[in-house]
Amino acid sequence: MPLMTLDQFKQISPYEWEIPQTFRSDMRVPVRIFASKILLEQSLDDKSILQAVNTSTLPGVLEAVMVMPDMHQGYGFPIGGVAATDLDQGVISPGGIGYDINCGVRLMASRIRAEEIRDWSADLAVAIDHYCPSGVGVRSQQRLSDDEMEAVCVEGAGWAMSKGYAMANDISHTEDQGRLDGADSRKVSMRALDRGRTQLGTLGGGNHFIEVDLIEKIYDPGPAHVMGLFEGEIAVQIHTGSRAFGHQICTDYVRRLQETVEKYGIKLPDRQLVCAPIDSPDGQDYLAAMRCGANFAFANRQLLADKVRRAFESVLAGKVEDWHLRQVYDVAHNIGKFEEHNIAGEMRLVCVHRKGATRAFGPGSEDIPADYAEIGQPVLVPGSMGTSSWVLLGTQTSMARSFGSCCHGAGRVMSRSQAKRSIWGEELYQQLKRGGIEVRAGSMAGLAEEAPQAYKDVDQVVESVAGAGIAKKVARLRPLVVIKG
Amino acid sequence: MFPHGYEEIDHTADLALKVWGEDFHALLKQAARGLYDLLGVTIDPDNVGKHEFTIDAGQEETLLVDFLSEVLYLAEDEKLFFEDFTIVETPTGMLISGTCQVILSLAREIKAVTFHDLSVKRTKGGLETILTFDV
């Protein structure tokens, strides 16, 4: 029995739907869903829409809670959820950003043609696996001192630059130049700092991955050229976040706010939505700590990018003319940011929570690299393992309709236990290999959990955001090498 | 049905456990057993020691999350697996102690224990709850 039915939604366009504020008496704003009818129907069986309705009860929430087509049920907020709150009257909710603070994706392009690495793809898989520590609870060979942790928290990717792990183009092509202002490591617990100091430069486990991809099809040659993406060439994606450092920061603040939420007179339909007024000491402390987690994640992906570059050099130097990897973009999909948006005709600074949603700023935005000013911000949408990934661009419609936000991936449809019951990891591994994909995975059970059948069709997700106008297609990628934690 | 136990229930993206016990201490112990099961721990049976930790007083749901968050942290970062738990109520909360073995490997990463829709319910047989873990 579905938890919701289609007749409870008002259809705005073929790819946009709304649950009016009258749906439940405690809603403060409507819920706006960007999805095709098929994808929306797929989501009616889980709690994602009801979780978006719960999110719409947060104090100071503005305009509408947005839900992307890769939505699935999470805890508190739905995955694929976007909520903006008023800076004076609104709240910040740690669960609306998630435990993996600044989980995100980095894309690097090369001038290597796919046929040039055909004989070396297995070696590349081994080398990347060797250079980039991955797996459950994996630690780095480095142990950062207190001063280094402080610098990572405050400087983010800039710290990596100061240590020689980054080039200037990496920093300029990262969301917020890889550093959020307002980070304060004094607001982070000693346990979080200790967990983080041994994990910088590690991939972790779960759905985190490094992929070597073939740029299979270009949909918009002009912007693709600006981004340095050419059909038949190789690109690399890195998907990871702030590791146990971010997990502990979120755990600490979700716990702390359980004690304080009542004093602010906030009533919530789900304790995981716990929050604090943005201008309160609790809200300000969380923001300062969350920004440390975000900066750690920017530095983490930067260190991994450096390691992938070393792996490419070790395998391909002398075998291909140019083995270098140049950063296209790095973007977060679990984050809370102060951004200026048009609210009822007035430009206002608001707090945007993105939980499994990617920033998608349109052309002309001051917050994107100068060389992308005319095309818009790259939006990186990894597919499930073995399927396509997409490079999209933010649009003026995303600025007007979705707080400059878009989807972040394929979105799960099958539980992990169901996936393991119906998919045999070893068989999947062989199937991927037959399809020309080199896979390195921590375990066959973990591989089965992340099987393509457990996810929505990413192409349909992209059709929905493109159809709704909140993103524009540029390129489709196909995996050749996959490293899973 | 056994008086205490746990079972994994379906969750689209994360992991969820239904846990039940005759009383609150049994519920805590079963929840920890279930968490170890989800983590897929392998242990070194010859490497045995003792460990103890405290949990501050609070509502049952908060105690449950605090207890499991500590068990998770000790498993992931300190590589400690509790063979058993002795739980003693103290004026400020709970003192938890037990015999520990060293964890050699974990099959899965669990990021956190959440408060999502968390409610400890009274049943004919004791207590029951559903826990959601972020993975």
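Letters go in sequence order (proteins before strands), and every chain restarts at 1. On a predicted model such as this, the values are computed, not experimentally measured, just so you know.
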- Does atom CD of A:Glu262 have more than 12 heavy-atom neighbours, drawn from other residues, nucleotides or ligands, at distances under 6.0 Å? no
- With respect to chain B, which residue among A:Ser415, A:Ala445, A:Gly95 yields the maximal number of heavy-atom pairs within a distance under 4.5 Å? A:Ser415
- Task: Could you tell me which portion of A:Gln418 (side chain, backbone, both or neither) has an atom closer than 4.5 angstrom to a non-hydrogen atom of chain B?
- Result: both
- Region of B:Ser69 that comes under 4.5 Å of a non-hydrogen atom in chain A: side chain
- Query: Salt bridge between B:Glu8 and A:Arg416, side-chain N to carboxylate O under 4.0 Å?
  - Reply: no
- Query: Can you check whether A:Tyr99 reaches B:Thr114 side chain to side chain, under 4.5 Å on heavy atoms?
  - Reply: yes
- Item | chain B interface, residue from A:Asn54, A:Asp100, A:Ile79 that has the most non-hydrogen pairs under 4.5 Å | A:Asp100
- salt bridge (charged side-chain N to carboxylate O under 4.0 Å, His left out) contacts in which one or both residues fall within residues 78-88 of chain B, not counting sequence neighbours: none
- Message: For a quick test of reading the model, state the closest non-hydrogen atom pair linking B:Glu109 to A:Arg243 and the distance between them.
- Response: OE2-NH1, 3.1 Å
- Item | For chain A, the option from B:Ala16, B:Ala112, B:Gly40 that forms the most heavy-atom pairs under 4.5 Å | B:Ala112
- Note on the structure: In terms of heavy-atom contacts, A:Gln73 and B:Ala13 come closest through O-CB, 3.9 Å
- Query: Where on B:Leu39 is there a heavy atom nearer than 4.5 Å to chain A: the side chain, the backbone, both, or neither?
  - Reply: neither
- Counting a contact as any heavy-atom pair under 4.5 Å apart, which residues of residues 58-66 of chain B contact chain A? B:Gln59, B:Glu61, B:Thr62, B:Asp66
- Message: Please classify the contact between A:Val413 and chain B as side chain, backbone, both or neither, with a heavy-atom cut-off of under 4.5 Å.
- Response: backbone
- Item | A:Arg421/B:Asp10 salt bridge by N-O under 4.0 Å criterion | yes
- Quick one: pull up NZ in B:Lys111 and SG in A:Cys103 and give me the separation to the nearest 0.5 Å. 6.0 Å
- Going by heavy atoms in the side chains, are B:Phe115 and A:Val254 under 4.5 Å from each other? yes
- Message: Does atom NZ (B:Lys121) have a neighbourhood of more than 12 heavy atoms from anything else shown, all under 6.0 Å?
- Response: no
- Looking at B:Asp77, B:Thr132, B:Val135, which one has more heavy-atom pairs under 4.5 Å with chain A than the rest? B:Asp77
- Message: Under the side-chain hydrogen bond (donor to acceptor under 3.5 Å, both in side chains) test against B:Asp117, which residue among A:Arg271, A:Lys47, A:Gln272, A:Gln51 passes?
- Response: A:Lys47
- Task: Between chain B and each of A:His72, A:Arg191, A:Gln258, count heavy-atom pairs under 4.5 Å; write down the option with the most.
- Result: A:Arg191
- Could you check B:Asp14 against A:Tyr75 for side chain to side chain donor-acceptor pair (under 3.5 Å), going step by step and ending with a plain yes or no? CA-CA 8 Å; B:Asp14 296 306; A:Tyr75 43 86; 5.8 Å; no
- Message: If I take atom CD from residue A:Gln248 and atom CG from residue B:Leu72, how far apart are they, to the nearest 0.5 angstrom?
- Response: 9.0 Å
- Task: Mind ranking A:Gly74, A:Ser443, A:Ala419 by heavy-atom pairs under 4.5 Å with chain B and telling me who comes out on top?
- Result: A:Gly74
